[in-house]
Amino acid sequence: MSAAPEPGIAPPIAHGEAAVAAEEEQPWLRLDRRMLLVHPVNEIVKLLPVLLISLVIGTQSGNHVWSLVAIVVFVVFGISRWFTTSYRIGPVHVQLRQGLFRTRLLSVPRNRIRSVDVEAGVLHRLLGLSIVRIGTGQQVGSKPDAAKFELNALSTGLVPDLRAALLTRKPSPDVEPTAIAREPAVTEIGHWTSAWVRYAPFSVTGVVTIAAIVGLAFQYGIGATIARSSTVAEGIESAERVGIAIAVVVGIVVLLIAASALACIRYLLTYGNMALTDNGRTLHVSHGLLKTRQTTLDRARLRGTTLKEPLLLRLAGGARLDAVMTGVSAERRESSLLLPQAPRAEAERVMATVIGDHRQAAAPLTPHGPVAQRRRYTRALIPAEIALAVALVFVILDRPVFWAAWAAIVALAVGGVLLAWDRYRGLGHAVLPGWLITRSGSLDRARDSLEADGIIGWTVRQTFFQRRAGVATIIAATPAGTGKYLVIDLPADQAWSLVESVTPGGGDVWARR
């Protein structure tokens, strides 16, 4: 029987029947005992509203047993997770076994590991613990969490060596099973600065946070109590005195200030002290003030980058950078972040450094022509056209149409024209040796740089209206990122020529037809 590795130490990756047999002889290991202090506290914090309700019920009935029972249940449940969770890191698989009444065994082949995330909240950091998440890019059925591999929690001192070993691809038969893999020297290619917090308000984070707080308040009856309070009544009376329009303007200003403040706070806590490093084999991203997170991405799986430029962030001169990684799905919000909201020039510099191609940012994009432009305007003006048609029906029926309705129609038309103009201005593509660059969108614009070798298939799609207009959408399929990247409304006679220029031999037969 081979000696079992120490907790948190991964033996070198291996293949074959002998490695599988040795793996089966390894014992199952427990997580760090200090997690017995973490899980009960986490369970109580997550279910704090339920505890408050139990406390209220107990106060009204004069019986505080309900509160004690709830606390005891959550503590017992948290403690039981240590006794019902075990893991095993072998040369072939990483296995996790958990569950009290229904046992679940998750086995991940070592050669399928795509990323390793390390996270530590405040309590974890105080106790010297970390959460290790292993990403494979796999999804079981319609449940993303079904393939979630999480070790909560391991000693922080074990994590660097474990992470390096799990991301090693080549078998090392000459290395002892207990040997520790050391990471090569690293180079910092990006670093967060406090000045970047000015980009935080140019997102919907603050508004979403306020909406969540309001929703929770009404869900647990707090909002209804506040709405019936004398303060709200006095506020409504004051608004009627100063005028509804002024009160609405003041309310919007207050909302924007509160949303901006919350967005800045969240940005600081989430991305403070962020650093992006590269050791030639992996990209390592770390960030967070109170709750830290570290993500390690295998460079061999890198297939490009996505430069995200939402409208408000774009107006402020900022952008966000994500990696296009095989096995790391952008649609499932997995770990692909390389740079948060930052100056566009810095995002472009980091992008060029990561993909090793300084032509990407400066490469001019080919516009898609007048037909694509006309389609942008046609679709953007549909809401204004519908509103105008409804107003004209009211006029024909001799019904009054207030001036506010006509003003809204004009606003919809002007907004539609501006949106169409911006959407077409952002629409385009470019082909560089070994790369496909495509950009689209206005409110949520993204510029994708996709490595040609990462494309596994092409689709040229035409809807009924596209066929009539003579344009087509080209879809580059890839196992990385979102899984598909689009070149929208390109003239149909150029579609297969584009495919051929990116993947020689992939579109030539169709281009000649």
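Just so you know, these numbers use all the heavy atoms, side chains as well, and skip hydrogens, waters and symmetry mates.
Side-chain contact, N152 with H124: a donor N or O sits under 3.5 Å from an acceptor N or O. A donor-acceptor contact closer than 3.5 angstrom is absent between the side chains of S130 and E119. Judged purely by distance below 3.5 Å, without hydrogens or angles, the side chains of R447 and Q360 never pair a donor atom with an acceptor atom.
With sequence neighbours excluded, the residues forming a salt bridge (Lys or Arg N to Asp or Glu O under 4.0 Å) with R359 are D357, listed by chain and number. Under the salt bridge (Lys or Arg N to Asp or Glu O under 4.0 Å) criterion, R376 pairs with D489, sequence neighbours left out. Every residue two or more places apart in sequence or in another chain that forms a salt bridge (Lys or Arg N to Asp or Glu O under 4.0 Å) with E348 is listed here: R344.
In this structure, E346 and G190 approach most closely via the heavy-atom pair OE2-CA, 4.4 Å. Across I488 and T473, no two heavy atoms sit closer than the pair CA-OG1, 4.0 Å. Contact record, A363 with I437: CB-CD1, 4.1 Å, taken as the closest heavy-atom pair. Nearest heavy atoms, V460 versus I474: CG2-CG1, 4.2 Å. Contact between P343 and W196 at its shortest, heavy atoms only, is CD-NE1, 3.2 Å. Pairing each heavy atom of A380 with each of A420, the nearest pair is CB-CB, 3.8 Å.
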Extract all donor-acceptor atom pairs below 3.5 Å that involve side chains of residues 405-415 and protein atoms in other chains or at least two apart in sequence.
none

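Legend: ring-ring contact (aromatic ring centres under 6.0 Å, His included) pairs involving residues 419-446, not counting sequence neighbours, sorted by first then second residue: H368-H429. Each salt bridge (Lys or Arg N to Asp or Glu O under 4.0 Å) pair with one or both residues in residues 411-435, not counting sequence neighbours, appears once here: R314-D422, D422-R425, D422-R445.
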Evaluate F402 against F394 for side-chain contact (heavy atoms from CB on, under 4.5 Å), listing each step before the verdict. CA-CA 11 Å; F402 299 103; F394 272 73; over 6 Å; no
Determine, step by step, whether V395 and V401 satisfy the side-chain contact (heavy atoms from CB on, under 4.5 Å) criterion, reporting the C-alpha distance in whole Å, the side-chain angles of both residues, the deciding distance to 0.1 Å, and the verdict. CA-CA 7 Å; V395 171; V401 180; 4.0 Å; yes
How far apart are the C-alpha atoms of D453 and R303, what are their side-chain angles, what is the distance that settles it, and do they pass the salt bridge (Lys or Arg N to Asp or Glu O under 4.0 Å) test? CA-CA 8 Å; D453 290 341; R303 294 295 177 264; over 6 Å; no
Criterion side-chain contact (heavy atoms from CB on, under 4.5 Å) on L151 and L96, from CA distance to verdict: CA-CA 8 Å; L151 297 177; L96 177 65; 3.9 Å; yes
List the steps, then state whether side-chain contact (heavy atoms from CB on, under 4.5 Å) holds for I113 with V94. CA-CA 9 Å; I113 296 175; V94 181; 4.1 Å; yes
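For T503 (side chain) and E500 (main-chain N/O), no donor-acceptor pair under 3.5 Å exists by modelled atom type. The main-chain N or O of G272 is never found under 3.5 Å from a side-chain atom of Y267 such that the two would form a donor-acceptor pair. Judged by distance alone, with hydrogens and angles left aside, the side-chain atoms of Q466 form a donor-acceptor pair with the main-chain N or O of T463 at under 3.5 Å. Here the side chain of T292 pairs no donor or acceptor atom with the backbone of G288 at under 3.5 angstrom. Under a 3.5 Å cut-off, the side chain of R266 and the backbone N or O of A263 do not form any donor-acceptor pair. Listed for the T459 side chain is no donor-acceptor partner under 3.5 Å among the backbone atoms of R461. Checking side-chain atoms of Q462 against main-chain N and O of V471 turns up a donor-acceptor pair under 3.5 Å.
Counting only heavy atoms from C-beta outward, the side chains of N279 and H284 never approach each other to under 4.5 Å. Side chains of D322 and K308 form a contact here, defined as non-hydrogen atoms less than 4.5 Å apart. Using a 4.5 Å heavy-atom threshold, the side chains of I456 and P479 count as touching. Within the 4.5 Å cutoff, the side chain of L337 has heavy atoms near those of the Y271 side chain. The closest side-chain heavy-atom distance from L276 to V350 is below 4.5 Å. Looking only at side-chain heavy atoms (C-beta outward), T305 and L321 come within less than 4.5 Å of each other.
Of the inter-residue distances, the one linking M325 atom CE with T478 atom OG1 reads 11.5 Å to the nearest 0.5 angstrom. H287 NE2 to T270 OG1: the interatomic distance, rounded to the nearest 0.5 Å, is 8.0 Å. For the atom pair OG1 of T295 and CG of L283, the computed distance is 11.0 Å after rounding to the nearest 0.5 Å. Within the model, atoms CG of D444 and CG of L312 stand 11.0 Å from one another, a figure rounded to the nearest 0.5 Å. Remark: L311 CG to F202 CZ distance equals 11.0 Å, nearest 0.5 Å. Distance check, rounded to the nearest 0.5 Å: CG of D117 to OG of S286 gives 12.0 Å.
Each of I475, V324, L436 was evaluated against Y485; a single residue qualifies, V324, per the side-chain contact (heavy atoms from CB on, under 4.5 Å) test.
Ion pairing between R439 and D448 fails under the 4.0 Å rule for side-chain N and carboxylate O.
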